[in-house]
Amino acid sequence: MRQKLAAGNWKMNGTSAALAELEALAKAHPNPTSEILICPPATLISRAVDTLAHSPIQIGGQDCHAAQSGAFTGDTSAEMLRDAGANHVILGHSERREAHGERNEDVRDKARTAMATDLVTIICVGESLAQREAANTLDIIAGQLAGSVPDLATGENLVIAYEPIWAIGTGLTPDVAQVGEVHDFIRSLLERRFGAGVGRSVRLLYGGSVKPANAQEIFSVTNVDGALVGGASLAAKDFSPIIDALDAA
Ligand code: PEP
């Protein structure tokens, strides 16, 4: 049985005032059946960890460097994330692939370091609208998975998030058949590469405009083990019903 995971990506949102949202979330979910993860901006990680000291809610980073230290102005290492109290990291988000030119091999190098640093690594994959319209979705996903996921991946250290780029922050979502097709495909690729044991134990999240109104339907899809949520994770009142829907799925 794969442990379900509700992960929130705050992106570049949140200052000290946002810690109140974590307090509210912790109060609403003292004993969740799903794992809950929030990835706030790096500046809030250690205070978020302190705020959640008595809660099962976990904290992650949104990116890390492939090196552990050095002359990389503005970057954050996997070791620094761990030291601040994070135990997960998102890698290869489409916003980083697009705005920071991250290639599959960059994501893989970061993932190697993150895994070696005991961070559960959430690797994002997903197609653009043009790629979907050209019927290239599965080829794109296969290429991103093959290039971004390192060989040392296991069911414990790897989570894959399928995030169609055209669904992120747009209010658009693929229909359940489209979500199911890609998630089944990712599962089959992981089984082929890592064997059935590891391939079946990696959790697969859907991400892209998940809201309280569509969460239940998305979580009903086979091989959807949870969600990576952007906008709707910023406020406890929006994220909480998504967690409830996952707990009930
Ligand atoms: C994301 O950026 O990971 C995401 C899924 O964003 P949103 O939920 O806002 O579409």
Side-chain angles (χ1 to χ4, degrees), residues 1-9 11 33-37 39 88 90-95 97-98 104 107 121-146 148-149 153 155 158-194 199-233 238-239 241-249:
M1 270 297 282
R2 294 182 294 270
Q3 172 75 36
K4 291 180 274 183
L5 174 61
N9 173 14
K11 311 190 185 191
T33 56
S34 309
E35 272 185 43
I36 306 173
L37 169 71
C39 299
H88 289 64
I90 299 168
L91 292 177
H93 191 283
S94 59
E95 287 156 11
R97 290 179 187 265
E98 279 178 11
N104 289 326
V107 177
T121 302
I122 302 174
I123 295 180
C124 303
V125 296
E127 82 287 1
S128 66
L129 191 56
Q131 289 163 337
R132 176 161 283 276
E133 285 173 350
N136 284 334
T137 297
L138 299 186
D139 284 346
I140 293 295
I141 301 295
Q144 289 175 334
L145 270 185
S148 307
V149 176
L158 176 68
V159 175
I160 300 291
Y162 167 54
E163 299 207 309
I165 297 168
W166 51 274
I168 294 178
T170 59
L172 301 171
T173 48
D175 63 35
V176 286
Q178 291 171 320
V179 173
E181 180 190 32
V182 176
H183 279 241
D184 289 351
F185 180 65
I186 293 173
R187 177 75 62 215
S188 71
L189 291 180
L190 291 172
E191 286 182 16
R192 198 177 312 159
R193 175 164 167 199
F194 293 103
R200 281 183 204 151
S201 61
V202 174
R203 290 171 293 171
L204 309 185
L205 309 183
Y206 168 77
S209 296
V210 176
K211 309 280 179 222
N214 61 18
Q216 191 186 358
E217 187 182 32
I218 290 166
F219 296 147
S220 71
V221 179
T222 308
N223 277 317
V224 172
D225 303 310
L228 181 55
V229 182
S233 71
D238 298 324
F239 199 36
I242 294 173
I243 295 166
D244 288 336
L246 187 60
D247 279 352

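What you are looking at is a predicted structure, and each value in this text was computed from that prediction instead of being measured. Just so it is clear, the values below take in all heavy atoms, side chains as well, and ignore hydrogens, waters and symmetry mates.
- A donor-acceptor pair is defined here as one N or O able to donate and one able to accept, closer than 3.5 Å; no such pair exists between the side chain of Ser128 and the backbone of Ile165.
- Leu246 CG to Lys4 NZ: the interatomic distance, rounded to the nearest 0.5 Å, is 5.0 Å.
- How far CG of Leu190 is from CG of Leu158: 6.5 Å, rounded to the nearest 0.5 Å.
- Put simply, the side chain of Glu133 never gets that close to the backbone of Ala130: no donor and acceptor are under 3.5 Å apart.
- Between Asp225 and Arg187, the closest heavy-atom pair is OD2-NH2, 3.1 Å.
- Within the 4.5 Å cutoff, side-chain heavy atoms of Glu95 are placed close to those of Ile168.
- A distance of 9.5 Å separates CG of Leu37 from OG of Ser233, quoted to the nearest 0.5 Å.
- For Arg200 (side chain) and Glu191 (main-chain N/O), no donor-acceptor pair under 3.5 Å exists by modelled atom type.
- Ring geometry for His183 versus Tyr206: interplanar angle of 30 to 60°, hence tilted.
- For the pair Glu181 (side chain) and Val176 (backbone), a donor-acceptor distance under 3.5 Å is absent.
- A heavy-atom distance below 4.5 Å is not found between the side chains of Lys211 and Asp238.
- Across every non-hydrogen atom of Ile243 and Ala6, the tightest pair is CG1-CB, 4.0 Å.
- For the atom pair CG of Asp244 and OG1 of Thr33, the computed distance is 9.5 Å after rounding to the nearest 0.5 Å.
- Distance check, rounded to the nearest 0.5 Å: CZ of Arg193 to CG of Leu145 gives 8.0 Å.
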Could you check Phe185 against Thr137 for side chain to side chain contact (heavy atoms under 4.5 Å, CB included), going step by step and ending with a plain yes or no? CA-CA 11 Å; Phe185 180 65; Thr137 297; over 6 Å; no
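- Here the shortest heavy-atom pairing between Asp247 and Ser34 reads OD1-OG, 2.6 Å.
- The side-chain heavy atoms of Ile36 and Phe239, taken from C-beta on, include a pair separated by under 4.5 Å.
- Taking all atoms of both residues into account, the shortest heavy-atom contact from Arg97 to Cys124 is NH2-O, 3.0 Å.
- With rounding to the nearest 0.5 angstrom, the NE2 atom of His93 is 10.5 Å from the CD1 atom of Ile122.
- Using a 4.5 Å cut-off on side-chain heavy atoms (C-beta onward), Thr170 and Ser209 make contact.
- Not one N or O on the side chain of Asp139 forms a donor-acceptor pair closer than 3.5 Å with the backbone of Asn136.
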What verdict does the side chain to side chain contact (heavy atoms under 4.5 Å, CB included) test give for Val149 and Ile160, after you've listed the backbone C-alpha separation in whole Å, the side-chain angles of each residue and the deciding distance to 0.1 Å? CA-CA 9 Å; Val149 176; Ile160 300 291; 3.9 Å; yes
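- In this structure a side-chain-to-backbone donor-acceptor pair under 3.5 Å is missing from Arg2 to Ser201.
- Residue Ile90 comes nearest to Cys39 through the heavy atom pair CD1-SG, 3.7 Å, listed as atom of the first residue, atom of the second, then distance.
- What you find for Ala161 and Leu228 is that their closest heavy atoms are CB-CD2, 3.9 Å.
- Put simply, the side chain of Gln144 gets close to the backbone of Gly126: a donor and an acceptor are under 3.5 Å apart.
- Val229 places none of its side-chain heavy atoms less than 4.5 Å from the side chain of Asn9.
- Between Leu204 and Tyr162 the shortest side-chain heavy-atom distance does not fall below 4.5 Å.
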